[in-house]
Every structure is written in C-alpha cells, then in structure tokens.
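Numbers for residues simply follow the sequence, beginning at 1.
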Amino acid sequence: MVDAKKYPAPVTNPETAAFWDAAKESKFMIKRCTACGEAHYFPRSICPFCYSDKTVWEEASGEGTIYTWSLMRKSPTGPYAIGYVTLKEGPSVQTNFVDCDLEKLKIGQKVKVVFKPTDGAPLPFFTPA
C-alpha cells in the first residue's frame with residue numbers, strides 16, 4: 001500500500017540533532033551507555049538504566065519484532081496502527097505501522113524501519129519485513 005499521509009516535521013534540539021541528521025540518510029540511531037553497556041531509545045544524553053552521562057550514538061539495524069499493537073479504526077484521518085517494536089539491539093520503540101494491511105499485523109511479527117518524508121527530517125515508522 002502507498003502511504004499518502006502528510007507527516008509533521010519533528011522538533012529538533014541539540015541533544016537529538018544527530019538522530020535527525022542520521023534519519024536524513026535513512027539511518028536509525030540509538031544510544032548505548034559505555035558505563036553499563038545498555039542500549040536505549042529514545043536517544044538521550046543520560047542513561048535511563050544507570051544515570052551515567054557516558055553515552056554514544058550507535059546505528060541500529062532497524063529490524064525488530066512487534067511486542068504489542070493496537071488498531072485505531074475511528075480517526076478523522078482513517079484507520080492506523082500503533083504499538084511497540086522490540087529492536088534486535090534490545091530497546092523497545094513506540095511507533096506507527098505503515099505500508100501494510102493493518103488487519104494482518106501480529107505480535108511477534110518481524111518488522112523493519114522505514115522513513116517517511118516531512119518538511120524537515122524524515123520520521124521513522126515500521127513495516128512488515
């Protein structure tokens with residue numbers, strides 16, 4: 001299916017600028033803490049596990065599995081599906097699912113990241129792999 005929706009441009013700040021710059025190159029970035037080794041998303045400078053400020057950017061594979069999802073049927077813009085994807089690298093990502101038959105999504109299904117254009121940086125979503 002072709003997704004003809006118009007998406008709002010993300011609001012960027014210095015802490016997330018590297019994430020949005022990488023998105024322009026179709027790269028999905030996460031952060032990893034060098035103190036405890038845990039990967040996390042949404043990327044932020046302080047590790048949510050050990051509170052260290054020793055975090056580095058890491059390109060994620062963009063692959064994962066659907067942990068849970070919900071189909072929203074009643075919307076002014078039409079049906080859409082939201083949910084959580086557990087990335088191969090470990091973190092879970094809240095997302096929308098696009099370019100697919102929403103009725104056929106399944107928990108445990110393999111998905112991959114896709115980027116949708118905006119008037120700013122592209123936004124990451126997920127679609128069946």
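Put simply, OG1 on T65 and OH on Y67 are 10.5 Å apart, with the number rounded to the nearest 0.5 Å. We find the SG-OH distance between C33 and Y51 to be 12.0 Å, quoted to the nearest 0.5 Å. Going from atom NZ of K74 over to atom CE of M72 covers 12.5 Å, rounded to the nearest 0.5 Å. The line from CZ of F126 to CD of E63 is 10.0 Å long, rounded to the nearest 0.5 Å.
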Practice item. Could you walk me through whether E103 and R73 pass the salt bridge (Lys or Arg N to Asp or Glu O under 4.0 Å) test, one step at a time? Key: CA-CA 10 Å; E103 301 282 345; R73 297 176 197 281; 2.7 Å; yes
Review point. When you look at D119 and K6, which way does the side-chain contact (heavy atoms from CB on, under 4.5 Å) test go after all the steps?
Key: CA-CA 9 Å; D119 290 335; K6 182 167 173 63; 3.3 Å; yes
Review point. Going through the distances and angles, do H40 and F49 end up as a side-chain contact (heavy atoms from CB on, under 4.5 Å)?
Key: CA-CA 9 Å; H40 60 271; F49 299 100; 4.0 Å; yes
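For the pair K116 and D99, the minimum side-chain heavy-atom distance is below 4.5 Å. Using a 4.5 Å heavy-atom cutoff, the side chains of W69 and I107 are in contact. Side-chain contact check for S52 versus C36: every heavy-atom pair is 4.5 Å or farther apart. A heavy-atom distance below 4.5 Å is not found between the side chains of E38 and C50.
By the criterion of side-chain heavy atoms lying less than 4.5 angstrom apart, applied directly or through intervening Ile, Leu, Val, Met, Phe, Trp or Tyr residues, V114 is not grouped with Y80; the two fall into different hydrophobic clusters. Neither V113 nor Y84 shares a network with the other; the hydrophobic side chains, linked directly or stepwise wherever heavy atoms of I, L, V, M, F, W or Y lie under 4.5 Å apart, form separate groups for each.
L71 and P79 make their closest contact through CD1-CB, 4.5 Å (heavy atoms, listed as atom of the first residue, atom of the second, distance). Across all their heavy atoms, C100 and L105 have their closest contact at SG-CD2, 4.0 Å. In this structure, P43 and T16 approach most closely via the heavy-atom pair O-CG2, 4.2 Å. Closest of all the heavy-atom pairs between P124 and W20 is CD-CZ3, 4.1 Å. Contact between P91 and I30 at its shortest, heavy atoms only, is CG-CD1, 4.5 Å. Among all heavy-atom pairs drawn from G120 and A9, the shortest one is N-CB, 3.6 Å.
Using cut-offs of 30° and 60° on the angle between ring planes, the pair F19 and F28 is perpendicular.
In this structure, the side chain to side chain contact (heavy atoms under 4.5 Å, CB included) partners of A18, at least two apart in sequence or on a different chain, are W57.
At least one donor-acceptor pair under 3.5 Å links the side chain of T127 to the backbone N or O of V98. T34 contributes a side-chain N or O that, together with a main-chain N or O of K54, makes up a donor-acceptor pair within less than 3.5 Å. Distance alone, capped at 3.5 Å, is enough to place a donor-acceptor pair between the R44 side chain and the F42 backbone. Side chain of E89 to backbone of A39: no donor-acceptor contact under 3.5 angstrom is found. For the pair T118 (side chain) and A121 (backbone), a donor-acceptor distance under 3.5 Å is present.
A donor atom on one side chain and an acceptor atom on the other are found under 3.5 Å apart for T55 and K31.
Crowding of F125 atom CZ: a count of heavy atoms from other residues, nucleotides or ligands under 6.0 Å exceeding 12.
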